[in-house]
2 protein chains.
Amino acid sequence: MPRREEPDIPEARLIPEATVARLPLYYRALLEIADQSIGTVSSEQLAELAGVNAAKVRKDLSHLGSYGTRGVGYDVEHLVGEVSRELGLTRDWPVAILGLGNLGRALANYRGFGARGFRIVALVDADPDKVGQAVGDLTIEPVEALSSIVAQRRVAIGVIATPAPAAQAVADRLVAAGVASILNFAPTVVVVPPEVTLRKVDLATELQILSFYQQHRRRVPDRARV
Amino acid sequence: MPRREEPDIPEARLIPEATVARLPLYYRALLEIADQSIGTVSSEQLAELAGVNAAKVRKDLSHLGSYGTRGVGYDVEHLVGEVSRELGLTRDWPVAILGLGNLGRALANYRGFGARGFRIVALVDADPDKVGQAVGDLTIEPVEALSSIVAQRRVAIGVIATPAPAAQAVADRLVAAGVASILNFAPTVVVVPPEVTLRKVDLATELQILSFYQQHRRRVPDRARV
DNA sequence: CAGCGCTTGTGACCGCGTGCACAAGCGCGG
DNA sequence: CCGCGCTTGTGCACGCGGTCACAAGCGCTG
C-alpha cells in the first residue's frame with residue numbers, strides 16, 4: 001500500500017467534501033429560482049428547495065466567499081455564476097461512455113446527461129459486433145482505440161457501464177490514457193490511483209440498503225400516514 | 001442522508017448507517033469468495049475485496065455479532081448467511097418501476113437488478129401511449145392503477161425513473177399506496193414523510209462533483225458514496 | 001440620522017465515524 | 001500440555017460535519 005502523499009501545496013480555499021456534494025443541489029435550486037426572475041434568495045428559501053437546512057446552506061456558501069448581503073439574502077444571478085464557476089460548469093467537459101449494454105445506451109440517449117457542460121464525445125465497447133453501430137449521433141468504437149480517442153477529443157470524464165468483470169480493465173485503460181475522473185456504474189469495486197477521482201453509482205447496493213431498512217422497519221401499530 | 005428517527009424505543013442491536021452502507025460490499029465480496037469454495041476469510045482479505053480497510057471490516061461485522069474465530073477468520077458460508085439475513089436478502093422484494101423512458105426501460109431490462117431477492121413486478125407510466133406496451137415480460141400499466149397494484153402485488157420498493165417534474169407526484173402516490181422504500185433517479189429533490197426511506201441516484205450531481213474535482217485538480221479520497 | 005427588523009456569517013459544541021494499537025483468544029506444533 | 005503465531009474484537013483518541021445561537025451588518029423608515 002503506497003503511503004499517502006503529504007499536501008505540499010496548502011490550498012487557500014479548500015471546500016469540504018460534504019459541501020461539494022451539496023453544491024449541485026444548490027445549483028439546481030438556483031436555476032429554478034432564476035427562471036422565475038427572482039432577484040434575491042434567502043438561505044431559508046434555498047434550503048427549502050435543496051432539501052437541506054438553512055444553517056448548512058449558509059455555511060456551505062460561506063466557503064465559496066461572502067456573496068450574501070445581510071438583511072437581504074443572496075443575489076440569485078451572481079450566486080448562480082459563482083456556484084457554476086466553482087463546479088466547473090462554465091467549461092465544456094468531454095465525456096466517454098464505456099460499455100453499451102442497456103444501461104450504456106440509456107445513458108447515451110439520456111438528455112439531462114449532457115444538459116450543462118457535459119458532452120458525450122465517444123462510445124466505446126469491447127464487443128466487435130457492437131462496434132460500428134450508431135447510437136444517437138455517435139458510432140460505437142473499439143476499446144483498442146480508447147487511448148487515441150481520449151487524446152484527440154480531450155476526454156475528461158469516463159463513464160463505465162460495462163459488466164462487472166470488465167470494469168477494472170476498462171478503468172485501467174482510462175487511467176493509462178490520462179482520464180482523471182471516472183464514474184463507475186458497474187457493480188464491482190474498482191481501484192484507481194489516488195490522483196484519479198472515482199465515484200460510483202451502484203443499483204444493487206442501493207436496493208440492498210433499502211431492503212435493510214425495510215426489513216428493520218419498526219412495526220409501529222397504525223401510525224397515521226401523512 | 002436520511003435523518004435518524006428518535007430512539008423512543010431503544011433498539012437492541014442498532015447498526016450504524018455507515019456500516020449498513022458497506023454491508024452490500026461485503027456481501028458481494030463474500031459471494032465471490034464462496035464461489036471459489038474457500039472455507040474461511042480474514043478481515044484483511046475481505047477488506048481487499050471490498051475496497052475498505054481491515055479495521056473497518058472487523059468493526060462492521062462485530063455489529064452483526066461475533067461471527068469470527070480469532071486466529072482463523074470468518075466462516076464464509078456462515079457469514080454470507082448472516083449478512084444476507086441482515087440485509088433482508090433471504091426474502092423476496094417486489095419492485096415497481098415508475099416511468100419508462102430510456103432509463104426506466106434500461107432498469108427493467110437490467111439483469112443484475114433482480115439478481116438477488118429483488119423482483120420487478122410492475123411497470124407504470126403516466127403516458128397513455130406507453131400503457132399497454134410490453135417491456136420484457138411485463139406490460140406497462142397506467143399510474144392510476146398504482147394503488148391497487150401495490151396492494152395486490154405487495155410492492156415494497158418503488159423506483160422512480162420519471163422526468164424531474166413528475167417525480168414528487170409519483171412519490172406521493174407511492175407513499176399514499178403504502179410503499180415505504182423509494183429509490184429516486186429523477187434529478188430533483190423529493191420529499192417524503194420520515195417513516196419512508198428514500199435514497200437517490202443522481203447522474204447530474206455525480207458528474208458535477210467530478211467536474212469540481214477535475215477543475216480543482218486536487219486528489220480526493222476515494223470515498224464510497226453509498 | 002437613529003432605530004429597528006431581517007438575514008448573513010461564524011464561533012462553539014457535540015456526536016458519529018475512522019483508524020490505531022493492543023489485549024483476548026483460538027488452533028497448531030513440538 | 002505448553003508456548004507461539006495469527007486474527008479477531010474493541011477501547012481510545014481524533015477529526016469532520018452538523019446544529020445552534022448570536023453577533024455583525026445591511027437597508028428601510030420615520
Side-chain angles (χ1 to χ4, degrees), chain A residues 1 3-4 7 11 13-23 25-26 30 33 38-76 78-79 82-83 209, chain B residues 1-7 10-11 13-23 25-26 30 33 38-76 78-79 82-83 209 218 220-226:
Chain A
M1 202 65 120
R3 231 160 38 82
R4 181 147 315 168
E11 180 74 4
R13 306 170 305 164
L14 78 97
I15 298 180
E17 200 172 336
T19 295
V20 173
R22 281 187 296 266
L23 287 181
L25 299 181
Y26 303 147
L30 285 167
I33 296 172
I38 296 173
T40 62
V41 63
S42 72
S43 60
E44 196 76 46
Q45 296 169 308
L46 201 45
E48 170 79 21
L49 283 166
V52 300
N53 72 37
K56 219 178 295 188
V57 171
R58 290 200 296 274
K59 188 158 282 191
D60 285 341
L61 294 183
S62 77
H63 285 117
L64 308 187
S66 294
Y67 296 135
T69 305
R70 295 169 193 234
V72 179
Y74 301 89
D75 182 89
V76 174
H78 181 232
L79 196 53
E82 292 298 334
V83 173
I209 293 171
Chain B
M1 201 77 86
R3 218 161 47 80
R4 183 149 312 166
E5 199 170 312
E6 282 305 315
E11 184 75 6
R13 306 171 307 165
L14 78 97
I15 298 179
E17 203 171 331
T19 295
V20 173
R22 281 187 294 266
L23 287 181
L25 298 181
Y26 303 147
L30 285 167
I33 296 172
I38 295 172
T40 62
V41 62
S42 72
S43 61
E44 196 76 47
Q45 295 169 309
L46 201 44
E48 170 78 20
L49 284 166
V52 300
N53 72 37
K56 219 177 297 190
V57 170
R58 291 199 295 274
K59 190 158 285 189
D60 285 342
L61 294 183
S62 77
H63 285 117
L64 308 188
S66 293
Y67 297 134
T69 306
R70 294 169 193 235
V72 178
Y74 300 88
D75 181 89
V76 175
H78 182 231
L79 197 54
E82 292 299 333
V83 173
I209 294 171
R218 190 147 305 272
V220 69
D222 171 22
R223 196 170 70 95
R225 181 214 64 88
V226 206

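In what follows, chains are A, B, ... by sequence order, proteins preceding strands, each numbered from 1. Every value quoted in this text rests on a predicted model; they were computed, and no experiment measured them.
Between the side chain of A:Arg70 and the base of C:dT7, no donor-acceptor pair under 3.5 Å is found. You won't find any donor-acceptor pair under 3.5 Å spanning the side chain of A:Lys59 and the base of C:dT10, going by distance alone.
Between the C1' atom of C:dT7 and the CG atom of A:Leu61 lies a distance of 13 Å, rounded to the nearest Å. Atom CG of A:Leu46 and atom C1' of C:dT7 are 13 Å apart (whole Å). Rounding to whole angstrom units, CZ of residue A:Arg22 and C1' of D:dG17 are separated by 8 Å. For B:His63 and D:dT8, the NE2 to C1' distance is 14 Å, given to the nearest whole Å. Atom CG in B:Asn53 sits about 13 Å away from atom P in D:dT8, given to the nearest Å. Between the NZ atom of B:Lys56 and the P atom of D:dT10 there is a distance of 18 Å, rounded to whole Å. Following rounding to the nearest Å, B:Asp75 (CG) and D:dT7 (P) show an atom-to-atom distance of 16 Å. Taking atom CD of B:Gln45 as the reference point, atom P of D:dT7 lies 8 Å away to the nearest angstrom.
Here D:dC26 is the nucleotide among C:dG9, C:dT18, D:dC26 with the atom lying nearest to any side-chain atom of A:Thr69. Side-chain atoms of B:Arg58 lie closest to D:dG9 of the nucleotides D:dT19, C:dT10, D:dG9. The side chain of B:Val72 lies closest to C:dG27, out of C:dG27, C:dC22, C:dT8. Looking at the side chain of B:Glu17, the nearest of the listed nucleotides C:dT8, C:dG17, D:dG17 is C:dG17.
Across all strands, A:Thr19 comes closer than 4.0 Å to no nucleic acid atom at all (heavy-atom distances).
In this structure, B:Val41 and B:Leu46 approach most closely via the heavy-atom pair CG2-N, 4.0 Å.
In this structure, the side chains of A:Leu64 and A:Thr19 stay at 4.5 Å or more apart for every pair of heavy atoms. Annotation: side chain of B:Arg22 is in contact with side chain of B:Tyr26 (closest heavy-atom distance under 4.5 Å). Using a 4.5 Å cut-off on side-chain heavy atoms (C-beta onward), A:Thr69 and A:Asp75 make no contact.
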Only distances under 3.5 Å count here; give the side-chain donor-acceptor pairs of residues 47-58 of chain A to other protein atoms, sequence neighbours excluded, each with its distance to 0.1 Å.
unit_1: A:Asn53; atom_1: OD1; unit_2: A:Ala55; atom_2: N; d: 3.2
unit_1: A:Asn53; atom_1: OD1; unit_2: A:Lys56; atom_2: N; d: 2.9
unit_1: A:Arg58; atom_1: NH1; unit_2: A:Ser43; atom_2: OG; d: 3.1

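Here A:Tyr74 does not reach the OP1 or OP2 of D:dC26: none of its side-chain N or O atoms lies under 4.0 Å away. Taking only side-chain nitrogens and oxygens, A:Ser42 never comes nearer than 4.0 Å to OP1 or OP2 of C:dT7.
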